[in-house]
Amino acid sequence: MEVWVSIIISVCAASTPLLLAATGELVVERSGVLNLGVEGMMIIGAVTGFSVAQVTGNPYLGALAAVAAGAFFSLLFAFLTLTLVANQVATGLALTILGLGLSGMIGEGFVGQPGIKMQALEIPLLSDIPVFGKLLFGQDLIFYLSIALVFGVSWFLFRTRAGLMLRSVGDSHTSAHALGINVIRIRYLAVLFGGACSGLAGAYLSLVYVPQWVEGMTAGRGWIALALVVFASWRPARLLVGAYLFGAVTIAQFHAQATGIAIPAQFLTSLPYIATIVVLVLIARNRRATIINTPASLGKPFVPDH
Amino acid sequence: MRLELQKRPQSSKALAYLSPFIALGLTLVAGAIMFTLLGKNPATALYTYFVEPLFDPWARDQIILKATPLILIAVGLAVCFRSGNWNIGAEGQYLFGGMVGAMIPIYFNDWQSPLLLPMMMLMGMIGGALYGYIPAILKSRFGTNEILTSLMLVYVAQQLVDWLVRVPWRNPQGMGFPGTKSFNESAVLPDLMAGGDAHYGAVFAILAAVLMWFMLSKTLKGFEVTVLGQSPRAGRFAGFSARQMTVFAFCLSGALAGLAGIAEVSGSVEKLDDKLSLGYGFSAIIVAFLGRLNPLGIIAAGFILALSYIGGESAQIMLGISDRATRVFQGMLLFFVLACDTFIHYRVRFIPTPNKVNA
């Protein structure tokens, strides 16, 4: 039993960064913007979180700084695509390339240093309950935040007026604009939120999951988060399923490597990526569901006529 | 104050040519600021980065060597991007092409023949094209997002090559280092100049760029690429098939990336190892945009990016500037290129915020 508890906790740890980044990107895409820079914002969050935690000795300050850094970095993307209507795909790629380069430079002095791990919250008494205590009440703060965020975002998008406005901007920016909604402002806010979430996702990697600074440590997780949004067909609750499925594949793959199964480690390492492709194909085959849920203005530039 | 965009009645021709240069200028300014922040003299740093290598024959040879894969991959990407297909997995097609092309000298290490090199290059292109075919067929058959699938395949290709050079193809006399046996002479692409590193791949790159330029600007196929890229609807009315175009564009750019891969394997490394990829597939995206998706512009852009790699190496040796600065440069460059593109189509006006009047 103890073994299973620790396996499930490690699945949670592998899933949390994916879930966080995907939740942020879901809001961005619901507003009609496709930000492919998730990987770049994540790695900026990872290096900021790690370095601030090293300097201050406090992982929570590190996580906060990562949120701010991710949001600030996404502002670059927002300015280019929303104010200057640059191509969203290309700008997202630019964000990723710049993020990977910049993080390598910032983190150069931190390579190989032992990190400061954000400790799990042990809620007295409750976390002592056998099996469920540790799972439900003995994890780190960001894990709880990631779960709360999914439900918060779901509530925001489908139960609030502001959420309705955001979705309307994503579905038809011209109609929303005609109704007097400030399309560009809403999209700016959505992109900033996405950046903050990606930043936190990165900090989770360098403060909880690994916890160390390794160059390029996001290893494609930002891209998997993007795929998860498609998998979830832009519904926050389904992100939970997707993220945990991928977390489970990642952990299963680690355990298979550890048992010395006669499958090459490289094949196991590439499993999450292959799984992503398979999932994308399966989802795309169900065209009706995809078409109904895809924000209709996704990736399309908008220039307001003043 | 806020910015307001006004669509130009006609796109500015002059700016279309000027914008890459403006972007380069802005990147240099941003680079100077970055070096100052790092506590280096910005003038010396920029000189070491972008001027000094041009006067050094060894560095010039290295620039040609690095520009070769960048140009080859980027001209293929230009066709892809122009047709509205986002192939960002060129890195994977480069690796896969290099791997497939290397098969003959790996399995028939002693075979010598003048046919060998053409066969290797051809197999490299086929390998790259096949690997590009996967995201293309998934997109055209199932509507799968090609950005994500092509990128995921990069990771798969990296792992595959890593496994091949460590386990089944590893040189038994290689002291345990990952990598195959070195190829024999007739499997090695000749050098451009005796004693240099740059090889005939550079000739392929220039040829490919000219051919692609011809195709895009002078043939019906090129017209089809542009129409489908700018308006898939108009393309449909003209009887062009967007699905076939996806397959065509991906296979073409895959083939060129594969050629880049096998040219690098055969001309530069002379065996297959785990260090084949230096991220050329991603830098080539920057090259494609800096060349404004024009194959002839891409030749120049490829040399500029190659210069930044070589300049970065010498700046690291001589000034102790981290070689990561090169990637930062490249990222900034792409940002500025994309930002400057706006000014071709739009006039930007600054509108002062009206002062609040107290009633």
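Chain identifiers are assigned alphabetically (A, B, ...) following the order of the sequence lines, protein sequences preceding nucleic acid strands; residue numbering begins at 1 within each chain. These values consider heavy atoms only, across backbone and side chains, with no hydrogens, waters or symmetry-generated copies.
- Note that CZ of B/F282 and OG1 of A/T96 are 9.5 Å apart. Values are rounded to the nearest 0.5 Å.
- Both the backbone and the side chain of B/L338 come within contact range of chain A, with heavy atoms under 4.5 Å apart.
- Of all heavy-atom pairs between A/A90 and B/F289, the closest is CB-CZ, 3.6 Å.
- A 6.0 Å sphere centred on CZ of A/F72 holds no more than 12 heavy atoms belonging to other residues, nucleotides or ligands.
- Distance OG1/A/T269 to CD/B/Q158: 11.5 Å, rounded to 0.5 Å.
- Contact tally against chain A (heavy-atom pairs below 4.5 Å) for B/L334, B/T326, B/I134: the top residue is B/L334.
- Residues B/R166 and A/Q266 come closest through the heavy atom pair CD-NE2, 3.7 Å.
- Between atom CG of residue A/L80 and atom CZ of residue B/F336 there is a gap of 9.0 Å, rounded to the nearest 0.5 Å.
- Residues passing the ring-ring contact (aromatic ring centres under 6.0 Å, His included) test with B/W163, sequence neighbours excluded: none.
- Both the backbone and the side chain of B/D162 come within less than 4.5 Å of a heavy atom of chain A.
- If you measure heavy-atom distances from B/R141 to chain A, the contacts under 4.5 Å come from the backbone alone.
- In terms of non-hydrogen atom pairs under 4.5 Å with chain A, the most contact-rich of B/V348, B/L38, B/I285, B/I88 is B/I88.
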Under 3.5 Å, side-chain donor or acceptor atoms of residues 217-224 of chain A against the rest of the protein: list the pairs with distances, not counting sequence neighbours.
from: A/T218; atom 1: OG1; to: A/E39; atom 2: OE2; distance (Å): 2.9
from: A/R221; atom 1: NH1; to: A/M217; atom 2: O; distance (Å): 3.2
from: A/R221; atom 1: NH1; to: A/T218; atom 2: O; distance (Å): 3.3

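- Within residues 273-285 of chain A, the residues having any heavy atom under 4.5 Å from a heavy atom of chain B are, by residue number, A/Y273, A/I274, A/T276, A/I277, A/L280, A/V281, A/A284, A/R285.
- Residues B/Q159 and A/S270 share a closest heavy-atom pair of CG-CB, 3.9 Å.
- Ranked by heavy-atom pairs shorter than 4.5 Å toward chain B, the options A/S103, A/G40, A/A265, A/G104 are led by A/G104.
- No other option in A/L95, A/L98, A/L226, A/L36 has as many heavy-atom pairs under 4.5 Å with chain B as A/L98.
- Side-chain contact between A/V85 and B/H345 is absent, with no heavy atoms from C-beta onward closer than 4.5 Å.
- With a threshold of 4.5 angstrom between heavy atoms, A/F267 does not approach chain B through any atom at all.
- Of all heavy-atom pairs spanning A/G101 and B/R327, the tightest one is CA-CB, 3.7 Å.
- Within a 6.0 Å sphere centred on CZ of A/F110, heavy atoms belonging to other residues, nucleotides or ligands number more than 12.
- When heavy atoms are compared at a cutoff of 4.5 Å, B/Y346 approaches chain A solely by way of its side chain, counted from C-beta outward.
- Looking at B/T342, its side chain does come within 3.5 Å of a backbone N or O of A/L84 through a donor-acceptor pair.
- Across B/S322 and A/M105, no two heavy atoms sit closer than the pair OG-CG, 4.1 Å.
- Between chain B and the residues A/V230, A/L100, A/T81, A/T91, the largest count of heavy-atom pairs under 4.5 Å involves A/T91.
- Inspection of non-hydrogen atoms places B/G143, B/T144, B/I147, B/L148, B/T149, B/L151, B/M152, B/L153, B/Y155, B/V156 of residues 143-156 of chain B under 4.5 Å from chain A.
- Between chain B and the options A/N87, A/L76, A/V89, the largest number of non-hydrogen pairs under 4.5 Å is found for A/V89.
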